[in-house]
K.L.:
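For reference, the structure I am asking about is given below.
Numbers here are sequence positions counted from 1. All heavy atoms count here, side chains included; hydrogens, waters and symmetry mates do not.
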Amino acid sequence: MSDDADKGGTRLFGPATGVGSMPGGDAREAAKTVTGSFEDFPFLAELPARGPGADMIGRTIGMLVDLYAHVEPSGWRISDRPGRDTKRARSWLGEDLDALEEFTQGYEGPLKVQAVGPWTLAAALELRGGEAALGDAGACRDLVGSLAEGLRAHLAELAKRVPGARIVLQLDEPSLTAVLRGHVRTASGYRTYRAVDRQVVESALRDVIGVHDGPVVVHSCAPDVPFALLRRAGVAGVSFDFGLLTERDEEPIGEAVEAGTKLFAGVVASTDGPLSDPGGSVMGVRTLWRRLGRNPGTLAESVVVTPTCGLAGASPAYARAALAHCARAARSLADNPE
């Protein structure tokens, strides 16, 4: 049995998928594109062009339990009760779930859903005074608990709508490295919040990961993804922009692969531009595999091919082409691992 199979021998992941966001505001069109592009690993599309509440942060805030927020010019800020912005976020999420349910009738297999992870949420969500929750340890703990409860309900809803799905939860953590290094700026912009202790970061991630009895992937399109910390926290996969890797990432990646962690390699540009041939898109992945001394035969089962990040900034035509390109590049990796 490969590392990519559960006890029943079924695959936990497909060979390729998207990161999350798509262009435009039509939920049905997005669901149709996603399910058509990835017959064996679709995902719940996010459409941030619709406005506040459909953005990455607002969408996840709409999932929180007993924590509410509204939009200020500076971003999302804690509220006493659910207001128009939170209700809009929940309404759009319901619309997206309706569309996904329509286009996954009878589907059986892995299905990915995304939410913002606790640390990126803490860095983005403002307390009543305007500073980020990140600067208040108690607020961070409350946020972790609320997010965990909200995700539990969201995953249950998804399982009810697509009963044949084996759900993969993706936590988006683009701010994680900045949180660990103390690089997140305060409201004034003149100073930064203190770096959060790595054990505290790991523990919170473990608490959120623990709500799902299936695989959890963490996505970050920032440089210096903390592969070792994420592995210790219990992730099944790490999603990253392959073009941002440096030599110092090779050892932690090698250790992650050795431990069975799946690599979601972002190799296809997320904004409009020329697409190379599919084999060329995964050339760097093959090269990395050789440098790590890994068996080429394990490449396809260890790597999922994705765009470098979400496709919200792409044209609809390019987004469709990029997703199709990911699927073809994954086939190339399986057919010609060397």
Side-chain angles (χ1 to χ4, degrees), residues 20-31 34 43-102 113-136 138-158 160-161 169-175 184-189 208 211 310-313 316:
S21 66
M22 292 286 286
D26 186 329
R28 288 187 76 256
E29 185 60 36
V34 164
F43 61 97
L44 178 63
E46 302 166 354
L47 301 171
R50 292 180 296 197
D55 61 298
M56 186 173 84
I57 299 296
R59 184 181 183 86
T60 301
I61 283 170
M63 298 179 194
L64 298 178
V65 173
D66 296 332
L67 262 181
Y68 314 108
H70 63 278
V71 178
E72 293 276 344
S74 53
W76 285 88
R77 185 171 294 182
I78 291 281
S79 302
D80 292 323
R81 61 184 67 84
R84 182 182 57 193
D85 297 327
T86 307
K87 288 172 182 167
R88 190 190 297 124
R90 290 173 179 169
S91 171
W92 274 328
L93 179 58
E95 204 176 284
D96 295 337
L97 287 167
D98 288 344
L100 183 72
E101 183 179 2
E102 178 185 345
V113 59
Q114 308 79 222
V116 175
W119 294 107
T120 296
L121 202 56
L125 181 59
E126 298 174 0
L127 301 177
R128 288 175 182 82
E131 292 295 344
L134 184 64
D136 182 322
C140 287
R141 284 192 295 272
D142 290 347
L143 198 53
V144 169
S146 176
L147 177 62
E149 284 306 305
L151 283 174
R152 190 175 277 119
H154 179 52
L155 293 166
E157 173 70 13
L158 194 59
K160 194 167 67 180
R161 287 170 177 264
L169 171 62
Q170 175 182 304
L171 297 174
D172 292 319
E173 282 283 16
S175 300
V184 178
R185 295 202 166 277
T186 59
S188 69
V208 176
V211 306
L311 292 162

K.L.:
Are Met63 and Val116 side-chain neighbours, meaning at least one heavy-atom pair lies under 4.5 Å?
P.N.:
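Answer no - side chains too far apart.
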K.L.:
With the side chain counted from C-beta on, respond yes when Leu64 and Leu121 share a heavy-atom pair under 4.5 Å apart, and no when they do not.
P.N.:
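Answer yes - side chains close enough.
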K.L.:
Where do Gly130 and Ala187 come nearest, in terms of heavy atoms and distance?
P.N.:
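Scanning both residues completely, I find the closest heavy atoms to be O-CB, 3.7 Å.
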K.L.:
Is there a donor-acceptor contact under 3.5 Å from the side chain of Gln170 to the main chain of Val113?
P.N.:
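A pair under 3.5 Å: no.
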K.L.:
Just so I know, are the side chains of Leu125 and Ile78 near enough to count as touching, which here means a heavy-atom distance under 4.5 Å?
P.N.:
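Yes, side chains in contact.
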K.L.:
Roughly how far, to the nearest 0.5 Å, is the CD1 atom of Ile61 from the CG atom of Leu67?
P.N.:
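One finds 9.0 Å between CG of Leu67 and CD1 of Ile61.
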K.L.:
Would you check, one step at a time, whether the test side-chain contact (heavy atoms from CB on, under 4.5 Å) holds for Leu158 with Leu100?
P.N.:
CA-CA 9 Å; Leu158 194 59; Leu100 183 72; 3.9 Å; yes
K.L.:
Test: side chain to side chain donor-acceptor pair (under 3.5 Å). Region: residues 59-69. Which pairs qualify, not counting sequence neighbours?
P.N.:
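Applying side chain to side chain donor-acceptor pair (under 3.5 Å) to every pair that reaches into residues 59-69, excluding sequence neighbours, yields Arg59-Asp96.
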K.L.:
Holding to side-chain contact (heavy atoms from CB on, under 4.5 Å), I want the full list of residues that pass it with Arg81, two or more places apart in sequence or in another chain.
P.N.:
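Arg81 satisfies side-chain contact (heavy atoms from CB on, under 4.5 Å) with no residue once adjacent residues are dropped.
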K.L.:
Do the side chains of Glu126 and Ser74 get nearer than 4.5 Å, heavy atoms only?
P.N.:
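Side chain of Ser74 against side chain of Glu126, heavy atoms only: contact under 4.5 Å found.
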K.L.:
Would you call Asp80 and Arg128 a side-chain contact if the rule is heavy atoms closer than 4.5 Å?
P.N.:
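Of all side-chain heavy-atom pairs linking Arg128 with Asp80, at least one is under 4.5 Å.
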K.L.:
Could you state the interatomic distance from CZ (Arg185) to CG (Leu134), rounded to the nearest 0.5 Å?
P.N.:
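Going from the CZ atom of Arg185 to the CG atom of Leu134 covers 14.0 Å.
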K.L.:
State, to 0.1 Å, how close Cys140 and Trp119 come at their nearest heavy-atom pair, and which atoms those are.
P.N.:
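Answer, listing the atom of Cys140 first, then Trp119: SG-CZ3, 4.0 Å.
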K.L.:
Write down the atom of Ala54, the atom of Leu47, and the distance for their closest heavy-atom approach.
P.N.:
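Nearest pair, atom of Ala54 first, then Leu47: CB-O, 3.2 Å.
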K.L.:
For Asp85, check side-chain contact (heavy atoms from CB on, under 4.5 Å) against everything at least two apart and list the hits.
P.N.:
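Partners of Asp85 under the side-chain contact (heavy atoms from CB on, under 4.5 Å) test: His70, Val71, Trp76, Arg88.
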K.L.:
First locate atom CD of Gln114, then atom CE of Met56, and finally report the distance between them rounded to the nearest 0.5 Å.
P.N.:
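Separation between the atoms: 11.0 Å.
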K.L.:
Mind checking side chain to side chain donor-acceptor pair (under 3.5 Å) for Asp136 and listing every partner two or more places apart, or none if nothing turns up?
P.N.:
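Scan of Asp136 (side chain to side chain donor-acceptor pair (under 3.5 Å), adjacent residues dropped) gives none.
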K.L.:
Kindly give the heavy-atom pair with the smallest separation between Arg90 and Pro82, and that separation in Å.
P.N.:
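Minimum heavy-atom separation between Arg90 and Pro82: NH1-CB, 4.4 Å.
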K.L.:
So do the side chains of Leu171 and Leu151 get within less than 4.5 Å of each other, counting heavy atoms only?
P.N.:
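A side-chain contact under 4.5 Å exists here.
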K.L.:
Taking everything shown except Arg84 itself, do over 12 heavy atoms lie less than 6.0 Å from its CZ?
P.N.:
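For Arg84, atom CZ is not crowded (no more than 12 foreign heavy atoms under 6.0 Å).
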K.L.:
Thr186: which residues meet the side chain to side chain donor-acceptor pair (under 3.5 Å) condition with it, sequence neighbours left out?
P.N.:
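So Thr186 forms a side chain to side chain donor-acceptor pair (under 3.5 Å) with Ser188.
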K.L.:
Supply the atom-to-atom distance Glu46 CD to Leu311 CG, rounded to the nearest 0.5 angstrom.
P.N.:
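Answer rounded to 0.5 Å: 11.0 Å.
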K.L.:
Could you go step by step and tell me if Glu157 and Leu97 meet the side-chain contact (heavy atoms from CB on, under 4.5 Å) rule?
P.N.:
CA-CA 9 Å; Glu157 173 70 13; Leu97 287 167; 4.1 Å; yes
K.L.:
Considering all heavy atoms of both residues, which atom of Leu143 and which atom of Pro118 are nearest to each other, and what is their separation?
P.N.:
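In this case the closest contact between Leu143 and Pro118 is CD2-O, 4.3 Å.
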K.L.:
Please confirm whether the backbone N or O of Ala123 pairs with a side-chain atom of Ser175, one donor and one acceptor, at under 3.5 Å?
P.N.:
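Side chain of Ser175 to backbone of Ala123, a donor-acceptor pair under 3.5 Å: no, none is there.
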K.L.:
Can you list everything that forms a side-chain contact (heavy atoms from CB on, under 4.5 Å) with Arg152? Sequence neighbours excluded, please.
P.N.:
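Residues passing side-chain contact (heavy atoms from CB on, under 4.5 Å) with Arg152: Glu149, Val211.
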K.L.:
What's the spacing between Leu44 CG and Met22 CE if we round to 0.5 Å?
P.N.:
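Output value for this atom pair is 11.5 Å.
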K.L.:
Are Glu95 and Arg50 within salt-bridge range, i.e. N to O under 4.0 Å?
P.N.:
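So Glu95 pairs with Arg50 through a salt bridge.
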K.L.:
Determine the minimum heavy-atom distance between Ser79 and Ala69, stating which atoms define it.
P.N.:
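Residues Ser79 and Ala69, closest heavy atoms: OG-C, 3.4 Å.
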K.L.:
Rounded to the nearest 0.5 Å, what separation is found between the CG atom of Asp55 and the OG atom of Ser21?
P.N.:
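One finds 11.0 Å between CG of Asp55 and OG of Ser21.
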